[in-house]
Structure formats: C-alpha cells, structure tokens
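Numbered from 1 within each chain, the chains take letters A, B, ... in sequence-line order. Basis for what follows: all heavy atoms, side chains included, without hydrogens, waters or symmetry-related copies.
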Number of protein chains: 2
Amino acid sequence: MLELAILGFLYDTPLHGYELRKRIAALTGHVKPVAESTLYPAIKRLEKAGLLDRATEPGSVAAPRHVLSLTEAGRRELHRRLAEPDPRDISDENRWFTVLAFLRHLDDAAAQAGVLRRRLAFLEEPASFFYDGDRPLRAEELDDPFRRGVLTIARATSRAELTWLRETIASLGG
Amino acid sequence: MLELAILGFLYDTPLHGYELRKRIAALTGHVKPVAESTLYPAIKRLEKAGLLDRATEPGSVAAPRHVLSLTEAGRRELHRRLAEPDPRDISDENRWFTVLAFLRHLDDAAAQAGVLRRRLAFLEEPASFFYDGDRPLRAEELDDPFRRGVLTIARATSRAELTWLRETIASLGG
DNA sequence: ACGATATACCTCGGACCCGATGTATAGGTA
DNA sequence: TACCTATACATCGGGTCCGAGGTATATCGT
C-alpha cells in the first residue's frame with residue numbers, strides 16, 4: 001500500500017522524500033498514519049529494486065534533498081500493480097482507495113474497468129461480519145446495537161460503492 | 001486488532017485455536033484474512049502476558065485441542081483496550097469495526113458512549129483524501145473519476161455513520 | 001542569546017505478519 | 001488402495017512496520 005502510493009505519486013512528478021511524506025500523509029494519513037521510519041526504508045527498497053532513481057540537490061531550506069524519480073522499470077511496476085492488484089488490494093478498503101487514487105495512471109480504459117469489475121464481484125458476494133452458522137445475519141437480526149451499527153454502516157458503504165462502480169464501468173465502455 | 005478479536009471472542013466463552021480462527025475469519029476475514037501463522041504466535045503472546053489460560057483436551061475429531069480461556073487479567077485487558085482505544089482503532093475502519101464488534105463487553109454505558117464520541121469527533125473533523133494546498137477538495141472539484149469515487153464512497157459512509165453514532169449515543173443516555 | 005519549529009534525512013531494536021512447510025488423525029471418495 | 005479434505009497444532013525465515021532517537025540547517029519569536 002505504501003509502495004503503491006510512492007510509485008503513484010512519483011509517476012506524476014519527481015519528489016524528495018520529505019515532500020512524498022506530506023503527500024502520503026494527506027492521502028491516507030488521517031486514517032492510517034505512516035511513520036518516517038517506515039517511509040525511508042520503503043524508498044530504499046524500491047531504489048534497490050531499480051524502480052527509483054535518486055538525485056541529490058542542495059536543500060532549498062535546510063539539508064540536501066534526495067529527489068526521487070521513477071525509472072522505466074518503476075513505471076512498468078506501477079502499471080503492473082494497478083492492473084493486477086493483490087486480492088487484499090481489492091477487499092481491504094484502505095488498500096482499495098490507494099488503488100483508486102492512482103488508477104488513472106493505467107491509461108487503458110478496459111484495464112481500468114477490469115479492476116473495477118473485480119471490486120464489483122467482491123462486493124456482490126453475500127458476506128457479513130456476523131453469521132448464524134453459515135447464514136450471514138442482517139442488521140435487524142442483531143440485538144447488539146454496536147454490531148448492528150457495523151452492518152448499517154457497511155451496507156451504506158456497499159450501496160454507494162455499487163452504484164458508483166456500475167456507473168463508472170458503464171462510462172468506461174465496459 | 002487481532003489480539004482484540006481474540007480477547008473479545010474468548011470473553012464470551014472458552015475456545016480452542018482452530019475454532020477461534022474460524023470465528024475471526026468470519027468476522028474480518030473477507031476483508032482482511034488472518035493467516036494461521038499469525039494467529040498461533042498471537043495466542044502465545046497473550047498467554048505469555050498472562051491474559052490467557054490453556055487447557056489441553058482430547059480432540060473431538062483429530063489432534064488434541066488447546067482450549068483457551070481469559071484470565072482475570074485478560075478480562076481487565078479487554079476492558080482497557082475497549083475503553084481506551086488506540087487512536088488507530090478510532091481512525092482505521094478495520095480496527096474500528098473490531099472495537100464495535102466487542103464494545104458490548106464494556107458494561108458501562110457511559111464508557112461505551114465515550115468511545116463512540118471519540119469516533120464522532122474524528123468524523124466531524126474536516127478531512128479529505130485530496131487537497132488543494134490546505135483546503136480539502138470535494139468530489140465535484142475532481143476531474144479524475146476514480147478519485148471522485150473515493151470521495152463519493154467515503155461521504156456515503158461518513159453520513160451513515162454520523163447518523164448512527166448520534167442516535168446510538170443519545171440512546172445510551174450520553 | 002535562547003528555544004521552538006520546520007526542513008530534511010537516517011538507524012536501531014523490537015514487534016508483528018505472512019507464506020511455506022511440517023506433524024498427526026479421521027472421514028470420504030475414486 | 002490411494003488420495004483429498006478437514007481437524008488441530010506448530011515452526012521458520014524473510015519481510016514490513018513503528019517508536020525512539022540521532023544529525024544537521026534555517027527561521028522566527030522573545
């Protein structure tokens with residue numbers, strides 16, 4: 001998820017680590033903060049894998065900046081991660097939102113629609129958080145008000161997203 | 001999140017690891033699967049910390065079961081984790097849902113309302129995923145249909161949850 | 001002159017997580 | 001007979017993540 005965000009932001013324009021940190025904080029930080037001690041090693045990983053280039057520039061304010069840019073391999077890797085997301089990227093909303101935030105970088109509309117269709121299939125499966133044996137329970141069947149809340153919220157999300165997915169897939173010519 | 005689920009399920013009734021695994025899979029597994037090799041070490045951690053007791057029983061079908069039950073310290077720890085959730089438990093929906101799934105174990109209605117109020121405060125803060133400088137952007141201001149989708153879905157979730165939170169806090173006498 | 005804050009990067013240890021793999025037993029099925 | 005699935009537990013290595021702490025420079029307020 002973090003690596004996808006790094007690749008996604010750098011696809012648009014080269015950035016140094018500190019600026020990257022601020023952009024990632026703006027994107028997902030209010031929900032899932034990312035520590036500096038997570039970001040810098042992640043940058044090193046991607047650099048070591050040949051996906052990033054580093055160019056040292058004199059710092060405009062303080063210490064020298066390491067301006068990062070995607071290599072050709074990095075651009076390909078971003079496309080690969082967007083076109084063939086991990087199952088977790090589909091099911092986990094945090095990761096899914098990160099995919100959506102950068103899906104425009106996949107310039108093929110059919111490939112974009114394919115990714116949306118995978119999320120659609122996931123949401124259309126009958127699933128709950130609470131079961132009676134194998135049968136998924138509905139909000140109305142629960143006594144616990146907090147568990148009822150979980151289902152109420154999840155259902156609202158699911159409805160909004162299903163509507164949006166179907167519209168968007170249609171508008172992509174899928 | 002995993003540890004909270006273990007403590008939460010065992011609060012109701014003793015269970016062996018394999019059954020615990022199935023319950024956790026039913027609760028959060030469709031969104032965020034938990035591997036066996038994550039569960040068993042987590043059980044050991046909690047046991048080592050004195051929160052769990054283990055009693056070996058002959059297996060009803062196959063290998064002998066290790067039936068796990070909460071110690072008094074384990075019950076206190078669950079209450080503590082529910083009453084004073086980590087900030088991440090409030091902001092991250094996956095973790096928040098786990099808190100909600102077991103919040104009924106906190107028998108004090110005022111404490112329950114306090115936890116809901118923390119989530120309410122988080123949702124009432126003006127936040128987005130995308131910004132123009134410091135100003136959070138609305139869905140309508142975005143050209144990118146995928147990013148617009150993120151905000152559309154997030155807004156639907158937020159609205160449903162705000163309504164539910166306010167109702168539930170009121171009904172708790174908060 | 002002093003401290004706080006922002007910029008800009010980094011390391012270390014410990015905790016956590018996962019995939020792969022292993023060890024058994026029992027039941028079904030080809 | 002052979003294999004697959006389910007039950008039930010566990011370890012190992014590699015990787016990821018975070019909090020705490022460290023190193024500088026520049027700016028601003030007091």
Hey, is the side chain of A/R45 poking within less than 4.0 Å of OP1 or OP2 on D/dC17, counting only N and O atoms? yes
Rounded to the nearest Å, what distance is computed from the NE2 atom of residue B/H66 to the C1' atom of nucleotide D/dT11? 15 Å
Taking CG from B/D89 and C1' from D/dC18, how many angstroms apart are they, rounded to a whole number? 15 Å
Please check this pair: side chain of B/R21 against backbone of B/V34, looking for a donor-acceptor N/O pair closer than 3.5 Å. yes
In whole angstroms, how far is the P atom of D/dA10 from the CZ atom of B/R65? 14 Å
Which whole-number value in Å describes the distance from A/Y40 OH to D/dT23 P? 17 Å
Check every strand shown and say whether A/P64 touches a base, only sugar-phosphate, or nothing at a heavy-atom separation below 4.0 Å. sugar-phosphate
Provide the start and end nucleotides, 5' to 3', of the part of DNA chain C that has atoms under 4.0 Å from heavy atoms of chain B. C/dC16 to C/dA26
In whole angstrom, give the distance that lies between atom CG of A/D92 and atom P of D/dT16. 17 Å
Are any non-hydrogen side-chain atoms of B/V150 and B/F130 less than 4.5 angstrom apart? yes
Can we say A/E140 and A/R155 salt-bridge, meaning some charged N sits less than 4.0 Å from an Asp/Glu carboxylate O? yes
May I have the distance from A/L46 (atom CG) to D/dC17 (atom P), rounded to whole angstrom? 11 Å
Which residue, B/E3 or A/S37, contacts DNA chain C at a nucleotide closer to its 5' end, judged by nearest heavy atom? A/S37
Examine D/dA8: is either OP1 or OP2 under 4.0 Å from a nitrogen or oxygen in the side chain of B/R54? Give yes or no. no
How many Å lie between CZ on A/R95 and P on D/dT16, as a whole number? 12 Å
Residue of the set B/H79, B/R80, B/R75 for which side-chain hydrogen bond (donor to acceptor under 3.5 Å, both in side chains) holds with B/E77: B/R80
Residues in contact with DNA chain C, drawn from residues 6-36 of chain B - heavy-atom cutoff 4.0 Å: B/P33, B/A35
So which one's nearest nucleotide on DNA chain D is more toward 5', A/L39 or A/A63? A/L39
Taking A/E3 for its side chain and A/L46 for its backbone only, find out whether a donor-acceptor pair lies under 3.5 Å. no
Taking atom P of D/dC17 as reference, at what distance in whole Å does atom CG of B/L2 sit? 17 Å
Is any side-chain heavy atom of A/R138 closer than 4.5 Å to one of A/L151? no
Side-chain ion pair, B/R65 and B/E19, N-O less than 4.0 Å: no
Residues B/R104 and B/D12 bridged, charged N to O under 4.0 Å: yes
Centroid-centroid under 6.0 Å between A/Y11 and A/F102 rings: no
